[in-house]
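Below is one structure; the comments refer to it alone.
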Amino acid sequence: MERASNPWGISRDKRLEWAEGLKVPTIDENPEPDVIYWVGCAASYDPGAQKVARSFVQLLDKAGVNYAVLGKKEACTGDSARRAGNEFLYQTLAAENVETLNQVAPKLIVATCPHCMNAIGHEYKQLGGDYRTIHHTEYLETLVAAGKLP
C-alpha cells in the first residue's frame with residue numbers, strides 16, 4: 001500500500017483499466033458532474049468487482065446521470081491502512097484525497113465500496129473534507145424511484 005497506494009499493489013496508472021471499452025468520463029473531461037463515482041480499489045483492480053463497476057456506469061448512462069470518475073487522481077481512501085493500525089499511511093492517503101475532492105467540490109459521491117463510503121463521508125471530516133456520500137445500491141434505488149431506470 002505504501003508503494004502503490006492501494007491494497008492490491010497495482011500501479012495507479014492501471015486504475016481506470018476496468019472501464020476499457022466504455023465511455024466513462026473523467027473529472028478532466030467532465031469538470032462539473034452531478035455525481036462523482038468513487039470507484040475504489042476493489043472495483044479498480046479486482047476482476048469480480050470490476051464487473052460491478054462496469055454494470056454500474058452502464059446504468060448511470062442509461063439513466064442519463066451527469067457523472068465523472070477521478071481516474072488516476074483517485075487514491076485508496078486509506079481505510080484498510082487505518083484498520084490495520086497504520087495511521088500515518090491513512091493520514092497520507094486521506095489528505096491526498098481530501099485535497100483532490102476539495103478542488104473538485106463534488107455535489108454527491110457515490111461509492112460501490114461501503115468502506116470507501118464511510119471513510120469519505122464520515123472520517124474525512126476530521127481532515128477538512130465534508131462530503132455527501134451514498135452507496136451505489138441506494139443511489140440506484142433513487143433512480144428507480146424517480147423513473148429513470150425500470
Side-chain angles (χ1 to χ4, degrees), residues 1 4-8 10-46 48-83 89-149:
M1 280 190 69
S5 299
N6 68 77
W8 275 256
I10 299 172
S11 169
R12 192 183 291 195
D13 289 339
K14 298 181 183 264
R15 196 161 186 101
L16 200 54
E17 285 186 4
W18 64 269
E20 199 168 288
L22 300 173
K23 293 182 179 178
V24 177
T26 65
I27 194 67
D28 293 331
E29 297 163 339
N30 182 12
E32 294 188 22
D34 295 327
V35 170
I36 289 289
Y37 171 35
W38 187 273
V39 182
C41 295
S44 293
Y45 301 118
D46 179 75
Q50 287 174 343
K51 292 175 186 176
V52 174
R54 291 179 64 82
S55 295
F56 181 62
V57 297
Q58 289 170 327
L59 290 169
L60 292 177
D61 288 338
K62 185 173 184 173
V65 175
N66 175 19
Y67 73 97
V69 298
L70 296 177
K72 295 176 187 177
K73 292 181 181 181
E74 182 183 296
C76 178
T77 61
D79 178 76
S80 55
R82 180 174 246 188
R83 303 297 165 238
L89 181 56
Y90 163 76
Q91 293 282 335
T92 302
L93 293 168
E96 177 185 344
N97 285 325
V98 167
E99 182 179 337
T100 298
L101 288 170
N102 283 347
Q103 289 173 357
V104 170
K107 299 172 188 170
L108 175 65
I109 299 172
V110 178
T112 49
C113 173
H115 301 279
C116 293
M117 183 188 75
N118 180 66
I120 295 166
H122 299 289
E123 296 179 13
Y124 279 16
K125 289 178 184 175
Q126 300 166 347
L127 302 170
D130 190 8
Y131 316 110
R132 191 170 143 235
T133 60
I134 187 171
H135 193 258
H136 80 285
T137 56
E138 294 174 298
Y139 188 70
L140 289 173
E141 186 178 29
T142 66
L143 293 176
V144 170
K148 294 183 178 184
L149 288 174

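Quantities reported herein were computed from a predicted structural model and do not represent experimental measurements.
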So which atom in C41 and which in W8 form the shortest heavy-atom distance, rounded to 0.1 Å? CB-CZ3, 3.7 Å

Considering all heavy atoms of both residues, which atom of A95 and which atom of L127 are nearest to each other, and what is their separation? N-CD1, 4.2 Å

Is the side chain of S55 donor-acceptor paired with the backbone N or O of V52 at a distance under 3.5 Å, no angle test? no

Could you pull out all residues at least two apart from R82 that satisfy side-chain contact (heavy atoms from CB on, under 4.5 Å)? E87, Y90, Q91, E123, Q126

Which residues share a side-chain contact (heavy atoms from CB on, under 4.5 Å) with R132, sequence neighbours left out: L108

Mind checking the OH-CD spacing from Y45 to Q50? Nearest 0.5 Å is all I need. 10.0 Å

Flag the pair L101 / I120 as yes when at least one side-chain heavy-atom distance between them is below 4.5 Å, and no otherwise. yes

Using the test side-chain contact (heavy atoms from CB on, under 4.5 Å), find all partners of N30 that sit at least two apart in sequence or belong to another chain. P25, P33, N66, A68

Kindly indicate whether the side chain of W38, heavy atoms from C-beta on, has any atom under 4.5 Å from the side chain of N97. yes

For the CG atom of D46 and the CD1 atom of I10, what is their distance to the nearest 0.5 Å? 9.0 Å

Donor-acceptor contacts, no H, no angles, side chain residues 56-64, under 3.5 Å, sequence neighbours left out:
{"unit_1": "D61", "atom_1": "OD1", "unit_2": "Y67", "atom_2": "OH", "d": "3.0"}

Using modelled atom types and a 3.5 Å cut-off, is there a donor and acceptor pairing between side-chain atoms of Y131 and backbone atoms of V98? yes

Non-hydrogen atoms of M1 and A81 that approach each other most closely: CE-CB, 3.9 Å

Side chain to side chain, Y139 and V35, heavy atoms closer than 4.5 Å: yes

For K107, is the NZ atom crowded, meaning more than 12 foreign heavy atoms sit under 6.0 Å from it? yes

Any donor-acceptor pair under 3.5 Å linking the side chain of H135 with the backbone of V110? no

All heavy atoms of C116 vs all of A111, minimum pair found to be CB-CB, 4.4 Å

Per-pair distances, 0.1 Å, donor-acceptor, side chain in residues 69-78, under 3.5 Å, sequence neighbours excluded:
{"unit_1": "K73", "atom_1": "NZ", "unit_2": "D28", "atom_2": "OD1", "d": "2.6"}
{"unit_1": "E74", "atom_1": "OE1", "unit_2": "V39", "atom_2": "N", "d": "3.1"}
{"unit_1": "E74", "atom_1": "OE2", "unit_2": "R15", "atom_2": "NE", "d": "3.3"}
{"unit_1": "E74", "atom_1": "OE2", "unit_2": "R15", "atom_2": "NH2", "d": "2.9"}
{"unit_1": "E74", "atom_1": "OE2", "unit_2": "G40", "atom_2": "N", "d": "2.7"}
{"unit_1": "T77", "atom_1": "OG1", "unit_2": "D79", "atom_2": "N", "d": "3.3"}

What is the minimum heavy-atom distance between P114 and T112, and which atoms define it? CD-O, 3.6 Å

Quick test of your reading: applying salt bridge (charged side-chain N to carboxylate O under 4.0 Å, His left out), list the pairs with at least one residue in residues 92-104, sequence neighbours left out, ordered by first then second residue. R12-E96

CD (E29) with more than 12 external heavy atoms under 6.0 Å: yes

Rounded to the nearest 0.5 Å, how far apart are CG of L140 and NE2 of H136? 6.0 Å

